[in-house]
Colleague: 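Quick one: structure below, then a few questions.
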Amino acid sequence: MTEKIESEIKSSREIADFNSLTPKELMNLSVQNLWSFNEKEILTVQAHFRSLKRNPTRAEIETIAQSWSEHCRHKTFKSPIRYQEGSKTVLIKNLFEETIARATRQTKKPWCLSVFKDNAGIVSFGNKGKWALAFKVETHNHPCAIEPKGGAETGLGGVIRDVLAAGLGAKPVLSTNVFCVAPPNKKLPLPTSALSPERILRGLVAGVRDYGNRMGIPTAAGGLYFDDGYALNPLVFVGCVGVLPAQAVKKEIRPGDLIVAAGGLTGKDGLHGATFSSANLNGDDHSTAVQIGHPLNEKRVMEALLKARDQKLYRSVTDCGAGGFSSAVTEMADIIGARVFLEKEILKASDMEPWEIWVSESQERMVFSVPPSNLKAFEKVFADEGVKIRVIGEFVKTGRIEVSWNGQNLVNLSLKFLNNGLPVGEKKAVYNPVKASGSRVPHQSKPLPEQLKEILSHLNVCSREWVIRQYDHEVQGGTVIKPLQGARHDGPGDACVIWPQAATGDTSDLSGFTVGHGLNPASGKLDPYLMAWLCADEALRNILCVGADISRAAFLDNFCWGNPENPQVLGSLVRAALGCRDASLGFQVPFISGKDSLYNESKDAFGKTISVPGTLLISSIAPIPNIEKATTMDMKGPGNSLYIVGQTGEDMGGSLYNELNGVAGGNVPRVDVRCAKRNFAAVSKAISKGLVASAHDLSEGGLLAALTEMAFSGEFGAMIDLDAIPKQKPIYSADVLLFSETPSRILLEVKPENEAAFIKCVKGSCVKKIGASIANPIIKIIGLDGLVLFEEPVAPFKAAWQRTVLS
Amino acid sequence: MAEDGLVVKAPKVLILSAPGTNCAVETSNAFSDLGARPEIVGLHLFKEKRVRLLDYDIFVIPGGFSYGDEISAGKILAAQVKLHIGDLKNFIRMGRPVIGICNGFQVLVKAGVLPFSPSCEQSASLITNDSGRFENRWVHLRINTQNPSLFFRGLPEMIELPVAHGEGKLVLRSPKQLEDLKRNRSIAMQYVSDDGKIAPYPANPNGSVFNIAALTNPEGNCLGMMPHPERYTKNYQHPNWTRQTFQKQAFGLAILKNAVDYCRG
Amino acid sequence: MIAAATHKIEVSLKSEYGDAESLSTASLLKSSGAPSVVRVRRSRLYEIRGNFTVTHINRLSRDLLCDQIIEDFRVLSQMPSSQGPFWKIEVKLKPTVLDPEADTIKSAMIEMGFPAPDFVRVSSVYKIESKCGKPQIEAAAAKCLLNPIIHLYSVTACS
């Protein structure tokens with residue numbers, strides 16, 4: 001590398017010798033400047049500029065690098081993959097198109113208003129479809145590993161901006177999150193630079209709390225999952241739901257409209273590489289700038305945006321996220337074209353190079369497309385909220401991105417090259433099925449009450465009250481079903497229900513919605529295809545239990561995997577995507593939005609590269625036409641009948657019971673989608689008719705854990721008979737019946753006065769009475785031999801469950 | 001009826017909004033449902049003198065994180081209210097209802113409005129909860145029946161409302177000040193256990209002195225409260241509405257309704 | 001014309017008020033490898049640069065930065081620091097990281113009619129009473145009070 005190139009790279013001039021560099025020199029340049037090109041890509045860039053007979057500027061290369069990044073293009077999901085499974089090999093031309101997108105197309109749901117196109121997925125909502133819901137979940141893993149609080153803040157800030165930029169802007173009404181971290185109190189050998197799991201968890205919670213609470217968005221419907229595999233690479237999923245008028249879904253760009261930036265000012269703080277010197281962590285940790293959030297700035301933008309939207313002052317909007325203006329403007333310009341004058345931007349730092357302004361990722365900024373005639377009014381609305389707007393350019397019908405700074409040309413690229421120039425390379429994927437070790441049941445070693453206590457106090461089951469209460473989950477006055485439920489407001493709700501009165505301003509419209517999550521990395525280690533099914537099933541069960549209209553449910557996907565250049569890793573990813581497709585088609589629930597985060601791997605204390613377990617998060621959203629019919633999981637009274645939905649099988653593979661008894665392997669449960677679909681529809685109908693007093697999902701820990709949770713949350717007891725449980729095939733082990741984790745099962749409580757109507761309503765589906773609730777707060781179980789197998793007061797189990805994650 | 005003889009059918013409610021105010025819309029929705037005319041008014045309109053407080057019948061400082069709660073909760077907005085809303089003292093003296101909710105209470109305290117002192121200097125504060133963290137939970141509250149306030153008419157002695165704050169612990173300058181507050185009957189609500197007794201955490205969510213959750217001025221027309229009345233305006237906002245085991249009266253709405261009814265005379 | 005200067009204002013809780021934040025900081029430090037921590041007092045340090053008179057600075061401290069019921073403030077150039085022995089750890093965000101509190105204070109000062117400051121930065125100051133040595137305190141602080149990726153910090157012994 002010559003000194004000349006180095007100085008030109010730092011400046012905004014043309015890089016004089018770029019076109020004569022060798023492939024090796026080009027790759028060095030790419031690595032040094034964090035452009036993340038592969039060799040084929042950077043050679044394509046060089047060829048392009050050779051054909052133009054000029055050298056590129058730094059700003060141009062940055063623009064191309066951003067536009068072609070994994071983040072913007074989802075290269076893994078959209079380029080050809082040669083997939084080998086066992087002895088079969090197939091060529092998948094475009095994984096996304098052939099799995100998730102295809103399933104969504106085939107389900108043909110007219111209430112899907114915008115899928116995969118916009119910053120969030122949008123579905124119809126409210127009385128007479130007057131409103132729409134925008135939902136987006138994305139990850140922010142890397143920054144959170146380095147600075148958990150700041151990472152969580154900026155991650156949440158980003159996803160909120162995505163919802164603000166969905167259609168012409170949705171008012172955020174729910175913030176949701178799922179954290180996958182290592183157990184906080186476990187000593188794991190970590191490299192010195194890695195933060196402890198406890199610190200990571202505390203930081204993540206504090207970040208979501210401080211940002212979400214200050215934004216005035218209720219944070220609920222979250223999840224926490226612990227596994228040693230997340231020690232080096234925690235996974236942080238942040239999501240947001242917003243409400244917008246149905247007529248504000250469409251956005252457009254017209255030539256002549258102004259490009260207007262609003263929100264935070266641009267500074268060096270957002271430069272990728274800002275942390276270059278300080279990051280002595282392993283690998284490429286410096287590749288992402290670490291920042292902290294400024295919720296007040298974002299809040300000001302939000303208030304102004306919503307006012308400007310209602311006055312119809314702009315025609316399009318997008319979030320300024322990764323890649324800064326470079327990505328935002330290029331994305332908006334699409335095929336039309338844009339001209340940007342960077343000297344118009346207001347800077348926080350005086351020592352910025354023009355190209356730095358173009359790619360800075362300073363937080364809390366958004367870009368609008370404003371017709372010139374509206375500019376004055378637009379400016380006024382923002383000024384009233386204390387937000388300075390900057391007209392940084394205009395959309396023009398040139399098909400090019402042209403950027404200048406005080407007359408100096410920085411970027412002049414054709415959009416055709418940016419949009420279509422990315423060379424695709426075929427990737428190789430291999431999936432070798434994990435040999436099924438058969439369904440194994442451990443010899444019972446401990447007495448039942450002890451087993452149950454261990455399950456309830458397991459980190460993946462125990463109470464999340466410490467986290468939930470730190471989030472303001474009731475702001476906006478619309479959280480009608482809260483995350484903690486029951487007589488003392490401390491039981492584990494399956495989902496929350498939001499009645500977005502603060503967004504619609506209409507307290508007579510009783511439409512609400514609910515959000516759930518399905519996550520099951522343990523099963524993914526055995527079979528990613530079946531994991532996808534289990535995630536979909538769990539995401540639906542959660543929202544079903546509070547009364548979702550399951551026929552209107554939609555999914556979001558988030559894939560977090562290791563390095564896709566590794567064929568085994570990619571093979572597992574492909575298999576999970578195939579599972580998503582089949583589960584979506586099976587349940588007839590479309591995907592409306594999704595994200596992927598790859599390369600989640602780091603070197604451990606011994607220098608070995610450790611990848612996260614392939615982790616799929618399926619999030620669900622569905623409307624509840626009348627919130628007065630919503631229900632909770634706590635037992636409502638004595639003398640009510642208890643029904644179980646779905647058959648129980650011998651599904652101990654990957655179960656918590658097996659884990660606690662030291663048994664690995666086993667078969668991953670399969671979802672019987674025909675039965676599940678029929679049963680879910682019946683439950684949805686019964687709840688909507690007000691026939692169900694409580695409903696709780698059977699998940700980790702199986703039937704006994706769910707039953708105990710219902711009882712202690714309602715402060716009643718229950719008696720069930722194992723013989724009455726519908727079984728897929730004969731099961732003779734009480735432990736299997738009590739702890740099996742067969743999917744698609746739900747416990748329901750029905751009052752005697754509703755029982756006849758309930759039975760009529762669920763006719764034709766597998767819903768069987770297994771016992772009753774009782775006034776005495778004990779759990780009593782009649783074994784298969786007709787004798788009392790278990791009779792214990794619930795209080796000690798509640799105490800076990802209430803161990804806190806942290807204090 | 002207000003002291004200055006103003007009787008109105010649909011009282012005009014000024015809901016103050018500043019950067020970081022969160023609960024204005026739901027507060028406004030509640031007043032709309034009560035037949036009042038709420039307006040969310042930005043603080044900048046006071047600075048620019050484009051709005052006059054005395055044109056309104058009720059003044060509300062809603063919850064949120066004004067100015068991000070930087071420095072300390074409500075601190076910056078309190079300084080601005082002192083500076084830019086000079087009419088507030090008159091407004092209170094005229095007997096018109098003023099409500100500060102959560103962050104609004106913090107603002108009233110830090111601006112020296114509550115607890116009332118003749119000098120109008122700050123005489124108490126609201127500081128970080130004893131638990132050291134933000135908490136959102138429903139609490140049991142006991143209304144002081146001796147309190148002359150206009151806000152609690154027709155309410156039972158025990159009610160439930162949600163709190164959501166990180167800095168809600170009321171501290172006073174001296175034990176004598178507490179005695180003054182008792183004597184002035186300025187203590188409006190206290191945090192209690194479900195059987196109505198003064199109890200420690202979690203019944204008292206923040207460690208507030210004498211479990212104080214809400215204060216009024218001695219005349220009872222200016223109320224500052226940590227709990228959120230605007231979050232309990234419909235039965236199904238109560239955490240136990242699906243159990244039917246709760247008093248089926250939306251107490252939050254009842255408090256706001258008293259303010260509206262008072263203006264109607 | 002007043003010359004631009006940097007003013008440092010330290011605001012700390014009066015000792016008669018229990019400080020939940022300092023208590024939890026102490027317990028975090030204890031569990032992060034500094035078991036002998038006895039007490040932590042946290043204060044906020046505001047660095048403000050601009051053309052200000054002494055009256056400005058006093059008014060700013062009184063009306064905006066300090067809650068006089070529960071807190072004391074001192075303008076650092078006016079008084080020497082003492083009351084040791086303890087470790088003093090000062091933590092602030094690096095200049096390359098946006099400081100939202102400082103940003104908000106800056107705009108609030110302007111809204112309140114102060115001259116516009118050139119620069120504001122907020123630090124947390126922890127005064128830690130402990131028998132631990134400097135490396136131990138520093139390591140414990142790095143584990144729970146600060147992150148060297150975004151923070152600048154200093155550890156000094158005060159007596």
Side-chain angles (χ1 to χ4, degrees), chain A residues 171 205-206 209-210 213-219 294-297 299-300 303 383-386 465-466 468-482 484-490 497 499 501-503 505-508 510 512 627-628 630-632 634-637 693-694 714, chain B residues 17-30 32-33 40 42-45 48 62-70 76 102 131-138 160 162-166 194 202 205 228-246 252:
Chain A
K171 172 166 174 145
V205 172
R209 174 195 66 204
D210 287 358
N213 292 357
R214 275 170 176 72
M215 287 300 291
I217 303 168
T219 302
H294 193 337
L296 189 64
N297 269 357
K299 170 100 172 129
R300 290 176 194 256
E303 300 293 341
D384 281 350
E385 296 296 331
E465 188 163 351
W466 178 81
I468 292 168
R469 296 235 176 271
Q470 293 192 59
Y471 301 152
D472 189 346
H473 50 266
E474 290 182 296
V475 62
Q476 301 191 2
T479 314
V480 290
I481 297 292
K482 308 191 199 294
L484 292 165
Q485 302 169 3
R488 297 194 182 272
H489 325 159
D490 55 8
V497 175
W499 169 54
Q501 56 137 335
D506 179 0
T507 51
S508 68
L510 293 177
I627 53 161
E628 292 173 306
T631 184
T632 51
D634 47 307
M635 230 169 241
K636 300 298 188 301
S694 69
Chain B
S17 91
T21 301
N22 288 336
C23 307
V25 178
E26 51 269 38
T27 307
S28 167
N29 284 352
S32 292
D33 287 353
I40 298 172
L43 177 71
H44 63 96
L45 294 177
E48 296 158 17
F65 289 80
S66 55
Y67 292 91
D69 273 3
E70 302 298 4
I76 299 180
C102 193
S131 67
R133 41 176 200 270
F134 184 99
E135 283 192 55
N136 177 189
R137 63 168 79 243
W138 279 65
E160 285 175 276
V163 292
H165 58 251
D194 53 359
H228 285 272
E230 82 284 5
R231 295 190 190 178
Y232 192 18
T233 59
K234 293 264 195 296
N235 280 349
Y236 31 76
Q237 288 164 325
H238 189 284
N240 279 357
W241 72 267
T242 60
R243 300 181 68 78
Q244 300 294 315
T245 52
F246 67 108

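We name chains A, B, ... by the order of the sequence lines, and we start the count at 1 in each one.
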Colleague: Flag the one option from B:H165, B:H44, B:E230 with the top tally of heavy-atom pairs under 4.5 Å to chain A.
Modeller: B:H44

Colleague: May I ask you to say whether A:D634 pairs ionically with B:R243, meaning some side-chain N is under 4.0 Å from a carboxylate O?
Modeller: yes

Colleague: Most heavy-atom pairs under 4.5 angstrom with chain A, which of B:E70, B:H228, B:K234?
Modeller: B:K234

Colleague: So do the side chains of B:Y236 and A:L510 get within less than 4.5 Å of each other, counting heavy atoms only?
Modeller: yes

Colleague: Just wondering, do B:Q237 and A:W499 contact through their side chains at under 4.5 Å, heavy atoms?
Modeller: yes

Colleague: Name the member of A:G486, A:P295, A:G386 that forms the most heavy-atom pairs with chain B at distances under 4.5 Å.
Modeller: A:G486

Colleague: Just by distance, do the side chain of B:W241 and the backbone of A:E628 share a donor-acceptor pair under 3.5 Å?
Modeller: no

Colleague: What are the two closest heavy atoms between A:E474 and B:N136, and how far apart are they?
Modeller: OE1-ND2, 2.9 Å

Colleague: Go through the steps for A:V475 and B:R231 under the test side-chain contact (heavy atoms from CB on, under 4.5 Å), then give the verdict.
Modeller: CA-CA 7 Å; A:V475 62; B:R231 295 190 190 178; 3.4 Å; yes

Colleague: Verify, without hydrogens or angle tests, whether A:K482 (side chain) and B:H238 (backbone) share a donor-acceptor contact under 3.5 angstrom.
Modeller: no

Colleague: So, B:N22 side chain and A:N213 main chain: donor-acceptor pair closer than 3.5 Å or not?
Modeller: yes

Colleague: To the nearest 0.5 Å, what is the distance between CD on A:Q485 and OG1 on B:T242?
Modeller: 7.0 Å

Colleague: Would you say A:V205 and B:R133 make side-chain contact, with heavy atoms under 4.5 Å?
Modeller: no

Colleague: Against chain B, label A:A630 side chain, backbone, both or neither, depending on which of its atoms sit under 4.5 Å from a heavy atom there.
Modeller: both

Colleague: Taking side chain as everything from C-beta outward and backbone as N, CA, C, O, which of these in B:D194 sits under 4.5 Å from a heavy atom of chain A? Side chain, backbone, both or neither.
Modeller: side chain

Colleague: Taking every non-hydrogen pair under 4.5 Å, which of B:R137, B:E135, B:E48 racks up the most with chain A?
Modeller: B:R137

Colleague: Tell me, side chain or backbone of B:T27 under 4.5 Å from chain A's heavy atoms, or both, or neither?
Modeller: neither

Colleague: Has A:Q501 got a side-chain atom pairing as donor or acceptor with B:N29's backbone, closer than 3.5 angstrom?
Modeller: no

Colleague: When heavy-atom pairs shorter than 4.5 Å are enumerated against chain B, which of A:R300, A:M635, A:H473 gives the highest number?
Modeller: A:H473

Colleague: Can you tell which of B:G20, B:S17, B:A164 has the highest number of heavy-atom pairs within less than 4.5 Å of chain A?
Modeller: B:G20

Colleague: Checking A:A487 against chain B: side chain, backbone, both or neither under 4.5 Å from a heavy atom?
Modeller: both

Colleague: So how far is it from A:D472 CG to B:F134 CZ, rounded to the nearest 0.5 Å?
Modeller: 4.0 Å

Colleague: Just give me the residue among B:P19, B:G42, B:C23, B:G63 that pairs up with chain A most often, heavy atom to heavy atom, under 4.5 Å.
Modeller: B:P19

Colleague: Check step by step if side chain to side chain donor-acceptor pair (under 3.5 Å) holds for A:T507 and B:D33.
Modeller: CA-CA 8 Å; A:T507 51; B:D33 287 353; 2.9 Å; yes

Colleague: Are B:D69 and A:R214 packed together at the side-chain level, in the sense that at least one heavy-atom pair is separated by less than 4.5 angstrom?
Modeller: yes

